[in-house]
Amino acid sequence: MTMTIIERLQQAVSQAIETLYGEPIAADKVQIAPTVSEFTGDYTAVVFPFVKLAKKAPDVVGAEIGDFLEKNVPEVQSFNVIKGFLNLELSTDYWQRFLQNALSDPGFGRRPRTGEKVMVEYSSPNTNKPLHLGHVRNCLLGWSCSQILDAAGHDVVKAQIVNDRGVAICKSMLSWQKFGEGKTPESTGIKGDHFVGDYYVLFEQKTKEEYEAWQQTDEARAVLAANLKPEQSEKEFFKDYKNKWFNTHSSLGAEVREMLLRWEAHDPDTVALWRQMNGWVYQGFDATYAKLGVDFDKLYYESDTYLLGKDIVDDGLKKGVFFRKDDGSVWVNLTDAGYDQKVVLRADGTSVYITQDLGTARMRYHDFGCKSVVYVVADEQNYHFDVLFEVLRRLDEPYAAGLHHLSYGLVELPTGRMKTREGTVVDADDLIEEVIRIAREQAAERGGTEGPDAEENLRKIGLGALKFFMIKVNPKRRMIFNPEESVDLQGQTGPYIQYSWVRINGLMQRVKKENVDLSPAARYTDFQPQEKELLKALHEYPGVVLTAANEYDPSHIANYCYNLAKSYHRFWHDLSVFNADAPATRAFRLELSRAVGKVLAAGMGLLGIEMPERM
RNA sequence: GGCUCCGUAGCUUAAUGGAUAGAGCAUCUGACUACGGAUCAGAAGGUUAGAGGUUCGAGUCCUCUCGGAGUCACCA
């Protein structure tokens, strides 16, 4: 099948209009949509756009085109017209062939390989503390997006940039050096990333203590007297002043800066300490990624890339995209595109954030030749990526047209944004444990946790709930996560979909055991509405995958799977499958179930959600 | 203040410019001694923030107003 039925119908309508009214209409301008459930029909053509050139009433135009299609398109069995909507019903033969096709095609819903390479960059953690709720959303989006792009035929490289250097990790390092007493993750039994994170938190505590002590000194009183604004309270002033203080007065601050300088100078002891502590963190990250079921093809480390971008700056100067100010700093002026002037190189010749990103973009293109890169980064960086992409376009980089920022809303708590210092961060490991615990609790209430694979099933259910919960909403929507209510297992959830698959799995086990002959399925013609609904839903799947890929939006897949599962539950409730009276009916319903199971598993697989054998 | 994004049932949300805005949760009512009830059916709940405009047709596009978020560092 080289052409989809929608394309066939578009073309046929276009021909009908040309034949009937003598006016050419481009086939892709013809609107064909699935018929809404209140009306009979499978696909609906909208005829309003043609009434003007036909110079006839909408229902007359609809009837004339419908008549033409019925006569000329074998797949069109019948039609009806309601107002300006032409509802077309496809032949049972078409649906039978479609079902067999969907079942026999191992890659149903997947597109042929395009040969186009796409890089998806996600997670991008800092190595000074463990992964949290925000990283979970990022990872789930990034990983499923890469699966979806793969299904759309692209060759995907999953990449992670590890922010493994800078002030933050130096804080953890210094803190461990001063207060760690030689303890290690092994000696304490604490997971490596949490171990390092604990020293980061400890550092912040010690800094706070130092700051509070300083506030009592004469020096602090003098600073306060000199800088306090009239409407400002003393407390507010010191809150605002903290960063300034840390950079100018704090002894801990001074020590951290010295450590960073030693690291940048490749001081062997500092580098050794840095390696050791990052090593602990990576062990911890690996465990969390494994539990989440996400992985990477390529790791980039900021320690290798943070000096990149100088050559691209030279390039930009040569091309006249950048300009140099008197102090030697290099700038780009984007005011004509509605942005600001941005510095791309400091006066002392060192890089800023965007310099690094410019250099990294070029390096990655050299590494993999990806004409397209998807950056999975929270929406607080929208402006940064707008600017980055604009600059790369102006530099005429060969991959500039394929850049996409998959921007997602921050995950917040009912109390507001998560704050490390206030201890309100929802830890990724804790969260995973929690959802599995809830799944176990629910299973126990229903009286069924026994069996050899019980733990494995509970893991799949818990994670299925969590992943579906985070993926089902449009990425750009900001998300408020309530740990009290946590994740639901009923209604529009992962387990709801898993349950429909488990039902189908039960049927398939029986088919196998009893060696049921499924060949009579082809003789079945009297489709019930519940069956037709499922056929139509299955028919939509390839298009949904494509939409999700084009829009970089896994939530389309999640919502599709939910609707398919819902239709299946209704089908299951209303009709007998295994106990159907006629052999053809039974065989058809089993085949239909098998196809639904296959698509559910494939669709949920794109989201990283596995199906439990039992629940 | 400039720029960007968002306002849909009490809550969480869906809807390539197309038919009576579709779900889930919560509330109320029904359906199993099983082809598995983590299910199904029903009730109730909407001026799609507000006002104009474009269109045969607007939750969707344009303008304004109100409300919220993000960002506007030689930080990352």
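Naming convention: chains lettered A, B, ... in sequence-line order (proteins, then strands); numbering from 1 in each chain.
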Which of these nucleotides, [options], is closest to any side-chain atom of [X]?
X        : options             : result
A:Gln31  : B:A19, B:U16, B:A38 : B:U16
A:Gln492 : B:A23, B:C40, B:A19 : B:A23
A:Lys52  : B:C56, B:G24, B:A19 : B:C56
A:Tyr562 : B:U20, B:G24, B:A14 : B:G24
A:Ile461 : B:C74, B:A38, B:U39 : B:A38
A:Lys476 : B:C6, B:C74, B:A19  : B:C6
A:Ala443 : B:C35, B:G24, B:A38 : B:A38
A:Tyr496 : B:C40, B:U13, B:C74 : B:C40
A:Tyr383 : B:U71, B:A19, B:U39 : B:U71
A:Val352 : B:A76, B:U13, B:G18 : B:A76

Quick one: [X] [atom1] to [N] [atom2], roughly how many Å, whole number?
X        : N     : atom1 : atom2 : result
A:Glu302 : B:A76 : CD    : C1'   : 7 Å
A:Asn474 : B:A15 : CG    : P     : 7 Å
A:Glu380 : B:G68 : CD    : P     : 21 Å
A:Tyr339 : B:C5  : OH    : P     : 10 Å
A:Lys472 : B:U13 : NZ    : P     : 9 Å
A:Asp386 : B:G70 : CG    : P     : 17 Å
A:Asn382 : B:G2  : CG    : C1'   : 16 Å
A:Lys342 : B:C74 : NZ    : P     : 7 Å

Under a 3.5 Å cut-off for both contacts, is [N] paired Watson-Crick or G-U wobble with anything, and if yes, with which nucleotide?
N     : result
B:C61 : B:G53
B:A44 : none
B:C32 : none
B:G70 : B:C3
B:A21 : none

#### Entry: Heavy atoms from other residues, nucleotides or ligands near CZ of A:Arg393 exceed 12 (cutoff 6.0 Å)
yes
### Task
Inspect the surroundings of NZ in A:Lys325 and state if more than 12 heavy atoms from other residues, nucleotides or ligands are less than 6.0 Å away.
yes
### Query
Taking for each residue the nucleotide of RNA chain B bearing the nearest heavy atom, is the 5' side occupied by A:Phe85 or by A:Leu489?
A:Phe85
## Note on the structure
Ranking A:Ile82 and A:Arg510 by the position along RNA chain B of their nearest nucleotide, the one closer to 5' is A:Ile82
### Task
Evaluate ring-ring contact (aromatic ring centres under 6.0 Å, His included) for A:Tyr552 paired with A:His404, printing each intermediate quantity in order.
CA-CA 9 Å; A:Tyr552 306 97; A:His404 185 261; 4.0 Å; yes
### Query
Hey, does the side chain of A:Arg137 reach the backbone of A:Gly409 with a donor-acceptor pair shorter than 3.5 angstrom?
yes
Using atom [atom1] of each nucleotide, how far apart are [N] and [M] to the nearest Å?
N     : M     : atom1 : answer
B:A15 : B:U20 : C1'   : 14 Å
B:C61 : B:U4  : P     : 14 Å
B:C40 : B:A23 : C1'   : 15 Å
B:A26 : B:A43 : C1'   : 15 Å
B:A44 : B:U27 : C1'   : 9 Å
B:G50 : B:C66 : C1'   : 7 Å
B:G18 : B:U60 : P     : 11 Å
B:U39 : B:G45 : C1'   : 24 Å

At under 4.0 Å between heavy atoms, what does [X] touch on the DNA or RNA strands: base, sugar-phosphate, or nothing?
X        : value
A:Pro49  : base
A:Leu575 : base
A:Thr44  : base
A:Arg417 : sugar-phosphate
A:Val502 : base

Is the cationic atom of [X] (NZ for Lys, CZ for Arg) positioned less than 6.0 Å from the six-membered ring centroid of [Y] and within 45 degrees of its normal?
X        : Y        : answer
A:Arg503 : A:Tyr568 : no
A:Lys171 : A:Phe203 : no
A:Lys52  : A:Tyr21  : no

Whether [X] contacts [N] is assessed here as follows: a side-chain N or O lying under 4.0 Å from the phosphate OP1 or OP2. Is that the case?
X        : N     : answer
A:Arg586 : B:C35 : no
A:Arg478 : B:A69 : no
A:Trp331 : B:C74 : no
A:Lys244 : B:A73 : no
A:His556 : B:A14 : no
A:Arg503 : B:G37 : yes
A:Lys566 : B:G24 : yes

### Query
A:Leu413 and A:Ile480: side-chain contact (heavy atoms from CB on, under 4.5 Å), yes or no, with the steps?
CA-CA 5 Å; A:Leu413 301 175; A:Ile480 294 174; over 6 Å; no
Side chain of [X], base of [N]: donor and acceptor closer than 3.5 Å?
X        : N     : value
A:Ser555 : B:A14 : no
A:Asn87  : B:A19 : yes
A:Asp327 : B:C74 : yes

### Query
Of the non-hydrogen atoms in A:Val545 and A:Ile148, which two are nearest, and what is the gap between them?
O-CG2, 3.9 Å
### Query
Hey, mind stepping through A:His384 and A:Tyr353 against ring-ring contact (aromatic ring centres under 6.0 Å, His included) and telling me if it holds?
CA-CA 9 Å; A:His384 170 72; A:Tyr353 182 43; 4.4 Å; yes
### Query
What do you reckon, do A:Trp572 and the base of B:C35 stack, with centroid distance below 5.5 Å and planes below 30°?
yes
